[in-house]
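The chains referred to below are lettered A, B, ... by the order of the sequence lines, with proteins before strands, and numbering in each begins at 1. Note that the coordinates shown come from a computational prediction; the quantities given were computed from them, not determined experimentally. All values below were derived from every heavy atom in this structure, side-chain atoms included, with hydrogens, water molecules and symmetry-related copies excluded.
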2 protein chains.
Amino acid sequence: MVVVEATKDEATVLGDAEISAIGGLLADRARCRVLMALGDGRALPASVLADEAGVSRSTASSHLGKLTDAGLLLVETHGRHRYYRLAGRHVGELLEKLTQIAPAQPVRSLRDGNRAAHLRAARTCYDHLAGRLGVAVMTSLLRRDLLTGGDGTVDAHDPIAGYGRDAEYTVTEAGWAFLGDIGVRVPDGTRRLVRYCVDWSEQRHHLAGRLGRSLLDRFLDQGWLAHRDRSRSVKVTDAGTAVLAEKFDITWKT
Amino acid sequence: MVVVEATKDEATVLGDAEISAIGGLLADRARCRVLMALGDGRALPASVLADEAGVSRSTASSHLGKLTDAGLLLVETHGRHRYYRLAGRHVGELLEKLTQIAPAQPVRSLRDGNRAAHLRAARTCYDHLAGRLGVAVMTSLLRRDLLTGGDGTVDAHDPIAGYGRDAEYTVTEAGWAFLGDIGVRVPDGTRRLVRYCVDWSEQRHHLAGRLGRSLLDRFLDQGWLAHRDRSRSVKVTDAGTAVLAEKFDITWKT
DNA sequence: AAAATGATTCGCCCGGTGTCGAATCGTCGC
DNA sequence: GCGACGATTCGACACCGGGCGAATCATTTT
């Protein structure tokens, strides 16, 4: 005869409702695909997420609403677009834990750890540069007044991601000279010249738009960066390290 | 116009089905209560879990079946009882992550970390000792042949949790002498004298049964152990540390 | 101002699943 | 052996939640 003592401590009592609520959100494949598409911190518009999840716009909208209501996603309105991204580092970590458990853990645990680290260090986002490297480049340009703008709420020289309206960045005269110097040529086009993306893993802005793309293209063309396997993560070559140091005043470690 | 490049890398493609499956399991309050009841690694029979979750036996049985099928729970049959426990460390960690996110994180993150650590170090399980301390005591007794038995598949002196049938532990003559020496008196009763529990957080056996209870009682009576706040975790006092070192050959660090 | 585009809301359908009680199977104790 | 007890299976019921298209709202573009 086993005597069961009172074991309903506080931690056990409060929580099951909240946890099951989160479980309910994770219980849907479309929502999981949305979360995984945002897994590396990108901010994506609703329509892209709908395609990514393979459901209609209306269905996606419903899912996105639920995820934001629950606080797993944040939304930022830019014109007629609404960009969604993960609400915090913890959400990304939760996803990582889940993927670890999901397939009864295959062998590649170490490899996966590296993958995540690499993604945070340097990756592409759409067609431009993101991650710590992307933010470093953006910061470098702002510090030397080659680029000006930002929402100015904190520090015009720090691309910190605020919650204000559009931060309008513009290239200065010195900026154009610098870009010419390193061989960046920006083609004409209807797309906005300078845009920014919120880099979630760093909570900072990185450079996007036509200029952001041209810059990344130049880095890849010159062999300063190279795509790592077939993922979005990129590797800084020795030549790239040198260029970053000389031209951008960035010391890139490993 | 933003060009979205092909970003469906392997990690994103495989996974959403498995993750949503786990989400589906977490989506139910009763199942969450079951998981949280098992959160510290205890192994509990189905009926207790049914009560803990507040549902009927049949419903609980259904839930337990789903959780074990999915590999989140392990089950061990002892006579007419079936003991369920978490399938691994990762499951516990997943639960921790979830509780962190659940209530939009309150302030007490540090405190919770300590709580979990304390539980793993030393806690009560029903009415006996568990956690690292519980396993250490068990090991000490086996090493000195004060207790013999175990399923013998690996090492008779290591209370490793195997998957064999009941491990029958018995107290030796020297064992009784030792117990008398430290003042443990085991009252009569119908309950089995020596039993073991699977200590999940250590994947080892710890001492249960009438003897396990008497041992814990002695430790508490003498002030060698003290309950921490109102939880199941216990604290080793200075006197306790001394006794563990002298009598059990256990060095207890903080 | 009108047309185009992104996003959300609404109404409807349908499949999946939690819940229980009754019945069944297996083990323990007298 | 016979009853007591723990656990699971089965059938029936109710309800929640995902899915889509059409309509609506908001913003940008021509």
In whole angstroms, the gap separating P of D:dG18 from CZ of A:Arg33 amounts to 13 Å
Taking the basic N atoms (NZ, or NE/NH1/NH2) and the acidic carboxylate oxygens, is any pair closer than 4.0 Å for B:Arg85 and B:Glu76? yes
Please state whether the base of D:dG19 and the side chain of A:Thr59 form at least one donor-acceptor pair under 3.5 Å? no
For C:dT8, does either OP1 or OP2 sit under 4.0 Å from a side-chain N or O belonging to A:Arg82? yes
Check whether any side-chain nitrogen or oxygen of B:Lys66 sits under 4.0 Å from OP1 or OP2 of C:dG18, and answer yes or no. yes
Donor-acceptor pair, side chain of B:Thr68 and main chain of B:Leu64, under 3.5 angstrom: yes
Value in whole Å for how far the C1' atom of D:dG6 lies from OH of B:Tyr84: 11 Å
Nearest whole angstrom, please: distance from the P of C:dG6 to the CG of A:Leu64. 15 Å
Using whole Å, what does the distance between atom P of nucleotide C:dC25 and atom CZ of B:Arg80 come to? 18 Å
Regarding B:Arg31, tell me which of base, sugar-phosphate or nothing describes its non-hydrogen contacts under 4.0 Å with the strands shown. sugar-phosphate
Give me the ring orientation class for A:His128 and A:His206: parallel if the planes are under 30° apart, tilted from 30 to 60°, perpendicular past 60°. tilted
Rounded off to whole Å, could you give me the CG-to-P distance for the B:Asp28 and D:dG17 pair? 12 Å
For a quick test of reading the model: is some side-chain N or O of A:Tyr83 closer than 4.0 Å to OP1 or OP2 of C:dA7? no
Least distance between heavy atoms, B:Ala37 atom then B:Leu49 atom: CB-CD2, 4.2 Å
Calculate the interatomic distance between A:Arg57 atom CZ and D:dA26 atom C1'; express it in whole Å. 16 Å
Once you round it to whole Å, what is the distance between P of C:dG16 and CG of B:Leu25? 16 Å
Taking 4.0 Å as the cut-off, does a side-chain nitrogen or oxygen of B:His63 come that near to OP1 or OP2 on C:dT19? yes
Tell me if a side-chain donor or acceptor on B:Arg31 pairs with a main-chain N or O of B:Leu26 at a distance below 3.5 Å. no
Between A:Glu52 (CD) and C:dA7 (P), how many Å, whole number? 14 Å
Can you tell which of C:dG6, D:dC20, C:dT19 lies closest to the side chain of A:His81? C:dG6
Donor-acceptor pair under 3.5 Å: do we get one between A:Ser58's side chain and the base of D:dG21? yes
With a 4.0 Å cutoff (strictly under), does any side-chain N or O of B:Ser56 reach OP1 or OP2 of C:dG21? no
